[in-house]
Amino acid sequence: MEKSLLAPGHRACAGCAMPTTIKLVLDAAGPNTIVASPTGCLEVTTTPFPESAWCVPWIHSLFENPAAVASGVELMVKRRGHDTNVIVIGGDGSTFDIGMGSNSGMFERGHKILYVCYDNEAYMNTGVQRSGSTPFCANTTTTPWGKESLGNPRPKKDMPAIAIAHRVPYVATASIAYPVDLRRKVKRALQVNGPSYIQVNAPCITGWTFEAGIMVEISRLAVETGLWPLVEWVNGEVTEVKKIRMLKPVDEYLKTQGRYRHLFKRPDGAAILKQIQDMADANIAKYQLVD
Amino acid sequence: MSQKMSPPIQKDPQKRAASMRVVEGSYAVAHAVMCSMPDVISAYPITPQTHIVEHLSQMVADGATDAEFLTVDSEFSALSVLVGSSAMGGRSYSSTTSQGLALMYEVLYNVSGMRLPVVMTVANRAMGAPLNIWNDHQDSIGARDVGWIQLYVENVQEAMDATPQAYKIAEDLDIRTPVMVCMDGFILTHVYEPVELLDKERVRSFLPPYRPEHILDPANPYTFGAFADPSTYTEFRYQQCEAMVKSMAKIEKAASEFQEIFGRYYGGLIDTYRTDDAEVIIIAMGSVVGTIKDAIDQMRAAGKRVGLVKIRSYRPFPVKALKDALKNAQVIAVLEKDVSVGYEAGLTTDLKAAFYNSNLRMPIVGFSAGLGGRDITIHDIERLVQKAEAARAGIESEFEFLTLRKEIL
Ligand SMILES: Cc1ncc(C[n+]2csc(CCOP(=O)(O)OP(=O)(O)O)c2C)c(N)n1
Ligand SMILES: [Mg+2]
């Protein structure tokens with residue numbers, strides 16, 4: 001493999017899936033790429049001035065505007081007649097919540113921009129607060145479990161559906177546990193003459209609390225339980241689904257992580273585990289994940 | 001010596017009249033933007049700025065400019081788009097006002113902090129609540145500390161002419177600081193005035209193409225917008241302050257170079273009107289300067305020694321130029337269209353601060369007027385001068401609302 005376009009020596013936690021995501025995306029995209037990112041763990045850990053881990057041009061402006069910044073970049077790329085890839089790589093908090101307005105604008109205007117969300121399912125940079133991407137009943141610092149609470153009260157926002165509703169021609173979900181699949185999706189997205197959106201399951205060792213060394217395994221379990229289906233949508237239609245060969249119950253995934261520990265401790269946790277299993281089953285049925 | 005305002009270079013009056021056209025203020029600004037040959041324009045409609053972007057859209061539609069015009073989801077995104085295009089080395093333009101400027105607030109700091117030479121017209125308007133669409137300066141004065149150069153213009157011709165000047169100042173490699181050209185909403189954006197329209201070719205000779213040192217380029221990858229900890233953050237701000245100091249000479253230079261080519265001059269950092277022997281000097285910014293000049297002419301005819309200092313550059317604040325222009329005044333009256341709820345108003349406080357550690361000890365009194373578009377009449381200016389004269393015997397009030405309707409309180 002060629003030299004990575006994300007230099008080592010960044011300051012992300014050991015066992016963080018975000019640098020892995022960046023490396024896989026840049027591997028597939030190559031050096032003729034410009035990246036825009038929002039505020040978040042990525043920005044803070046990869047660009048402590050005067051250092052930068054980025055070997056491609058990279059710009060960060062604010063938490064909620066990378067899609068708009070990338071729009072300006074893409075306009076200039078087109079104006080100059082270049083064929084440079086323009087990619088946003090941002091966290092779920094930026095993507096699902098505070099950046100929604102500028103994401104919507106970018107999707108709707110049809111810019112040739114690949115938007116990659118590394119989805120660690122909370123605001124990690126500020127200390128694991130809930131985001132619109134946080135799954136049902138996950139423990140975060142703003143949705144802690146307690147006598148009156150079972151964690152995050154709402155299911156995860158369906159961001160791929162929101163992208164599809166904008167007629168984004170290529171939308172996909174991916175996982176760092178399936179690097180070949182992820183690279184292929186990035187390459188495919190970069191062929192699209194318009195916007196594309198890839199949402200990558202990216203475990204966070206600090207926020208999800210799991211043992212060092214099992215990051216990839218956790219992300220694979222998310223796929224193998226049906227909680228994180230790997231799907232591709234072209235022009236709104238499902239075109240590819242990664243089949244699950246060895247289907248696992250959701251408990252196997254959930255019990256690896258501290259953010260779900262309360263569900264196994266409390267008597268009323270069992271009903272929640274059942275609800276989460278129902279969500280996985282619904283995915284399995286919807287996307288025909290199991291033959 | 002007080003400078004003569006806008007000396008005509010075209011000596012032949014017939015030729016001059018032939019090149020004059022009556023246009024709307026917003027059209028004049030759009031025309032100036034077009035002549036400045038931007039790469040990217042991104043803006044969001046808000047009264048009274050809308051006509052500027054509508055005219056620009058039409059110019060793009062007609063092929064009068066090859067600029068990219070991007071319609072976006074908000075002012076916040078409009079200016080964010082320009083962060084991207086400017087970092088790519090594209091000349092970038094936006095325009096907004098009031099609520100739109102407030103929505104941009106975060107991005108304003110980003111543009112200046114990344115040293116991106118964006119130019120934006122602010123069609124000055126009051127801030128809600130209560131909702132009000134008319135002119136005052138609360139919006140841009142409220143954005144005083146965001147690291148942008150702020151130029152205030154007096155009339156339509158100056159609004160137009162300040163636009164290429166703004167690019168020249170902003171893009172200077174010693175400056176690399178964005179510029180707001182502040183023009184009074186409605187009063188200037190919607191008025192039809194005879195102006196000499198800029199000529200694209202002559203603007204080209206005044207304003208060289210934008211050649212930035214650092215851009216987003218895969219052949220030479222830079223990181224923009226890094227994370228700076230306490231060991232380096234201060235130096236970023238220091239360098240911005242230094243650039244602001246240097247920009248004073250560049251603002252003056254741009255004004256005089258513009259004069260050489262186009263024959264029009266509005267002052268550099270400030271301008272003065274009948275200040276030579278003036279006992280009372282009024283300080284103001286924007287279109288009200290025209291009314292004040294008329295009032296001064298009337299008061300002078302009645303034997304009152306009144307003069308005017310017009311501030312063109314509010315940021316950087318031209319302390320030295322102001323001290324020179326005001327040193328012989330016996331009393332200074334600041335007339336401004338903003339208020340800092342809790343303490344005076346921007347210009348009054350800034351001016352007092354500028355004089356404090358000096359030997360200038362004349363009274364400075366501040367007046368807020370014209371808020372939310374209330375007219376400022378010649379009579380109001382005369383009252384202001386009376387109040388200022390009274391302050392020579394002892395200041396009763398350092399700051400007050402000049403045209404308060406006590407009957408509705
Ligand atoms: C306008 C604004 N609000 C809040 C913040 C504080 N903030 C910075 S990063 C962040 C969370 C980032 O979450 P996400 O996008 O999921 O990225 P992660 O850190 O999890 O990788 C927050 C809340 C900010 N920088 N700007
Ligand atoms: Mg996150």
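Proteins get letters first, then strands, A, B, ... in listed order; numbering begins at 1 in each.
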Answer key: most heavy-atom pairs under 4.5 Å with chain B among A:Asn32, A:Thr39, A:Asn65 is A:Asn65
Quick one: of A:Pro50, A:Ser61, A:Pro48, A:Ser37, who has the most non-hydrogen atom pairs under 4.5 Å with chain B?
A:Ser61
For [X], is it the side chain, the backbone, both, or neither that has a heavy atom closer than 4.5 Å to a heavy atom of chain A?
X        : answer
B:Val111 : neither
B:Phe76  : side chain
B:Thr232 : side chain
B:Asp66  : both
B:Leu70  : side chain

So which part of [X] gets closer than 4.5 Å to some heavy atom of chain B, the side chain, the backbone, both or neither?
X       : result
A:Thr33 : backbone
A:Glu51 : neither
A:Val35 : neither
A:Val56 : backbone

Tightest non-hydrogen contact, residues B:Thr71 and A:Arg109, listed as O-CD, 3.1 Å
Compare every heavy atom of A:Gly105 with every heavy atom of B:Asp73, then report the nearest pair and how far apart it is.
OD1-CA, 3.5 Å
[atom1]/[X] to [atom2]/[Y] distance, rounded to the nearest 0.5 angstrom?
X        : Y       : atom1 : atom2 : result
B:Asn110 : A:Leu62 : CG    : CG    : 4.0 Å
A:Leu75  : B:Ile41 : CG    : CD1   : 11.0 Å
B:Tyr222 : A:Ile34 : OH    : CD1   : 14.0 Å

Would you say B:Asp145 has more than 12 foreign heavy atoms packed within less than 6.0 Å of its CG?
yes
Please indicate whether B:Arg237 has more than 12 foreign heavy atoms, meaning atoms of other residues, nucleotides or ligands, lying under 6.0 Å from its CZ.
yes
Counting only N and O atoms by type, is there a donor-acceptor contact under 3.5 Å from the side chain of A:Arg80 to the main-chain atoms of B:Met88?
yes
Verify, without hydrogens or angle tests, whether A:His60 (side chain) and B:Gly225 (backbone) share a donor-acceptor contact under 3.5 angstrom.
yes
Specify which of B:Asp39, B:Val72, B:Val83, B:Val40 makes the most heavy-atom pairs with chain A at under 4.5 Å.
B:Asp39
Determine the option with the most heavy-atom pairs under 4.5 angstrom with chain A, choosing from B:Ile215, B:Thr223, B:Asp229.
B:Thr223
Can you tell which of A:Ser52, A:Cys55, A:Pro57, A:Pro31 makes a side chain to side chain contact (heavy atoms under 4.5 Å, CB included) with B:Pro221?
A:Pro57
Set out, in order, the CA-CA distance, both residues' side-chain angles and the distance that settles side chain to side chain contact (heavy atoms under 4.5 Å, CB included) for A:Glu64 and B:Glu106, then state yes or no.
CA-CA 10 Å; A:Glu64 59 274 49; B:Glu106 264 194 293; 2.4 Å; yes
Run the ring-centre check on A:Phe49 versus B:Phe236 and record whether the distance is less than 6.0 Å.
yes
From CA spacing to verdict: side chain to side chain contact (heavy atoms under 4.5 Å, CB included), A:Ser71, B:Val81
CA-CA 6 Å; A:Ser71 300; B:Val81 163; 4.1 Å; yes
